[in-house]
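Proteins get letters first, then strands, A, B, ... in listed order; numbering begins at 1 in each. In this text, all values refer to a predicted model and were calculated from it rather than measured experimentally.
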Protein chains: 2
Amino acid sequence: MVKERVTVIDIARAAGVSKSTVSLVLQGSSLVNEATRAKVNAAIRDLGYVYNRSAANLRQSTSKIIGIVVNDLTNSFFAELAVGVDAVVQSAGFVQFLANTGEKIERQREVVASMREHGVSGLIVSPARGTEAVDLAPLVESGIPVVLVVRDIAGAAVSSLTSDNHAGAMAAVRHLIERGHQRIAFLGGFPDTAVFEARMRGYRDALTEAGIPVSDALIIGSAPSRAGGVTAVEQAMMLADRPTAALCFNDAVAFGVCDGLRARRLEPGADFAVIGFDDVIEAKTAVPALTTVSVDPQGMGQRAAELLLKQIKAGKAEPEAIVGSVRLVVRQSCGAAVERKREVLA
Amino acid sequence: MVKERVTVIDIARAAGVSKSTVSLVLQGSSLVNEATRAKVNAAIRDLGYVYNRSAANLRQSTSKIIGIVVNDLTNSFFAELAVGVDAVVQSAGFVQFLANTGEKIERQREVVASMREHGVSGLIVSPARGTEAVDLAPLVESGIPVVLVVRDIAGAAVSSLTSDNHAGAMAAVRHLIERGHQRIAFLGGFPDTAVFEARMRGYRDALTEAGIPVSDALIIGSAPSRAGGVTAVEQAMMLADRPTAALCFNDAVAFGVCDGLRARRLEPGADFAVIGFDDVIEAKTAVPALTTVSVDPQGMGQRAAELLLKQIKAGKAEPEAIVGSVRLVVRQSCGAAVERKREVLA
DNA sequence: TGACGAAATTGGAACGTTCCAATTATGAAG
DNA sequence: CTTCATAATTGGAACGTTCCAATTTCGTCA
């Protein structure tokens, strides 16, 4: 029952040619005569041959594999990112190793090592919290192209693809201020990450730009999840001087904030303005639809993959740091409905 | 700059032993003397050797790779499933190829072929809609263990791991009936899938068991997504004889139903009972917390991975079909709060 | 007809590992 | 000091492909 492997040699025998010719056919070389090509392909079909890539990339030191490691696949943002990567990687005839680190550096080290052993020809990584440049050093020394996504790492000599978190946060807060809000909170996220840092700076800058004093009490960290959002908004509403609006660290937190608001009989959008960050698929269909800073996770995954493939093709490319632009998409959760009403009155 | 590969031979030279001994060390064989093992390991560290798995599994025809292909990674359910698989697969020293088919059979065919070429030693697949037994035939003939998850395929001679959709749906509807509901809808999901079929049958059976007539108007299909849930509930509320409760195809639909309810100023849980299916992470933290039939996606992924690894280890195992049990977890969205009140009065 | 260049094909070495059979070192027993 | 069993080590073949250099085939032109 266990049939043994069919190899190029079997094909060669069946088609009456040499294994070299078969190899040429497999690679789509133009050197081979149309008639023989047909013969070989017929033999391949008949014998049920399956190409052995391990053998191939033992000889030619280049595999058709890329690796992608994410810090939290449970978060829709990263799932969508992975989908974006997958799409372009597949069309390019590559396949992807995907690993989830769950923010654990040790696990990250392991999976990166494992991927190296498997001969990936490039790596897209959204690094776990606390990853440092030295952690990536062996990888970059080996000359494998690496693209960092979402989170950049200072001093790591690799390409990165991040989004303009500072500008996005400023745009969001400006919008809130235009709507008349003065007590604006920044909710959720781990304060020790670069992304948090950037978004929070944008938040502060927009506030001071408008002459509104920044109060540290209104900056409340939490896990960057829906549950984290609930606890963050609870904490915010215990303040003596409650906020009337919030920019949230990401969409997951924003959804949690909406949940927390409803738990206190407050209607997001009407009684309290909330803005998210990311523009996850669900943001559009939620009720109220979430106003959010769109970073287009799927598109980001695609661009990261394209950048990586470009570098793989080019051999060793010098690192480039791309920061993608970002735009505020205004929906209902920030009180746009109220605004519309106001417009009618005006 | 481009340093060439360090191989076992280099290590052997550096450590003053033969390549065979180095190989033995790499495999953790007990045949090698403690002192030489130390020497070899030192050399490995010093030279920055990285193991070449392609070469290894060219020789020994067994790789440490498994493949997982899912139909929609954008859906949290499958993302969590993948995380579960990843966890056990990683601990077993394997790595996973993950591919997303987006319900496209053609893509599925491609990725499965690609994974075969890369020599995966097993495959977990949540098949795209419309996959038939013949599509998997070449795969099973080759003797590669396959575990189907979530969706079973009639006639495919492979193992499967599904959940007891019928019993889960019955339990949910019984619960709704006990709460006094009579007009109960079944919302969302593609009607041409086995999962839909099973859940819907459970819904009907619970209804007829209680002597409540089944009305086809109350069974409304849609995409199994949040957006689909919104449209399904809209359609349901246009009915002359409106439902007062709904069992939803999955949690995503249930969230959408909640959104749609709110859009009509109806409070899920209080004004309309909704029950989901899956028990995605968010179900617990949402407001109102979602009553749902728990199938524990992450646990399911783990079990699938364990089953697959078992079969890989055993060589060729005969297929087994496991249907995981399922339980109703009662939270707020079905009006449990009301019930509690009633208990107090009694 | 012979010569020549282009087109097509080919054998063999190489990639980095594992496995087998064979060899050598070590130590215990007589 | 042999003899033997056991522990350690080793060389070489093999895995399935690609690549190179070499060879054969073919059509064209003088």
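A donor-acceptor pair under 3.5 Å links the side-chain atoms of B/Arg151 to the main chain of B/Pro127, judged by distance alone.
Rounded to an integer number of Å, the gap from CD of B/Glu117 to P of D/dT18 is 11 Å. The interatomic distance linking A/Leu26 (CG) with D/dT18 (P) rounds to 6 Å, in whole Å. Whole-Å rounding puts the A/Ile9 CD1 to D/dT18 C1' distance at 13 Å. One interatomic measurement links the two molecules: CG of A/Asn33 to P of D/dC26, which rounds to 10 Å at whole-angstrom precision. At whole-Å resolution of the value, CZ in A/Arg59 and P in C/dG12 are 16 Å apart. The distance from atom CG of B/Leu24 to atom C1' of D/dT10 is 10 Å, rounded to the nearest whole Å. Atom P of nucleotide C/dG16 and atom CG of B/Asp10 are separated by 9 Å, given to the nearest angstrom.
Between B/Thr7 and C/dG16 there is no side-chain N or O to OP1 or OP2 distance below 4.0 Å. Side-chain N/O atoms of A/Thr21 include one lying less than 4.0 angstrom from OP1 or OP2 on C/dT10. Residue A/Gln60 has no polar side-chain atom (N or O) positioned under 4.0 Å from OP1 or OP2 of D/dT17. OP1 or OP2 of C/dG12 has not a single side-chain nitrogen or oxygen of A/Ser20 nearer than 4.0 Å. For B/Gln27 and C/dT17, the shortest distance from a side-chain N or O to OP1 or OP2 is not below 4.0 Å. The side chain of A/Ser23 places no N or O atom within less than 4.0 Å of a non-bridging phosphate oxygen (OP1 or OP2) of D/dT17. Side-chain nitrogen and oxygen atoms of A/Ser54 include none within less than 4.0 Å of the OP1 or OP2 phosphate oxygen of D/dC15.
Ion pairing between a basic and an acidic side chain is recognised when a charged N comes within 4.0 Å of a carboxylate O; B/Glu34 and B/Arg37 show such pairing. B/Arg116 has no carboxylate O lying under 4.0 Å from a charged side-chain N of B/Glu141, or vice versa, which leaves the two without a salt bridge. In this structure, B/Arg109 pairs ionically with B/Glu106, as a charged nitrogen and a carboxylate oxygen lie closer than 4.0 Å.
If you find the closest nucleotide of DNA chain D to B/Gly16 and to A/Val22, the one lying nearer the 5' end belongs to B/Gly16. Each of B/Leu31 and A/Val50 lies near DNA chain D, and the nucleotide nearest B/Leu31 is the one positioned closer to the 5' end.
Side-chain contact between A/Glu117 and B/Val95: absent, with no pair of heavy atoms (C-beta onward) separated by less than 4.5 Å. With a 4.5 Å cut-off on side-chain heavy atoms, A/Val88 and A/Phe94 do not count as touching. For the pair B/Leu81 and B/Ile124, the minimum side-chain heavy-atom distance is 4.5 Å or more.
Using a 4.0 Å heavy-atom distance criterion, A/Ser61 is classed as making no nucleic acid contact.
Of the candidate nucleotides C/dT17, C/dG16, D/dC19, C/dG16 has the atom nearest to the side chain of B/Leu58. Listed candidates were D/dT17, C/dT17, C/dT9. Nearest to the side chain of B/Asn52 is C/dT17.
Recorded end-axis angle for the helix from C/dT1-D/dA30 to C/dG30-D/dC1 stands at 50°, based on five pairs per end and rounded to 10 degrees.
Of the residues listed (A/Thr101, A/Asp72, A/Asn71, A/Asp192), the one engaging A/Arg129 in a side chain to side chain donor-acceptor pair (under 3.5 Å) is A/Asp192, and it is the only one.
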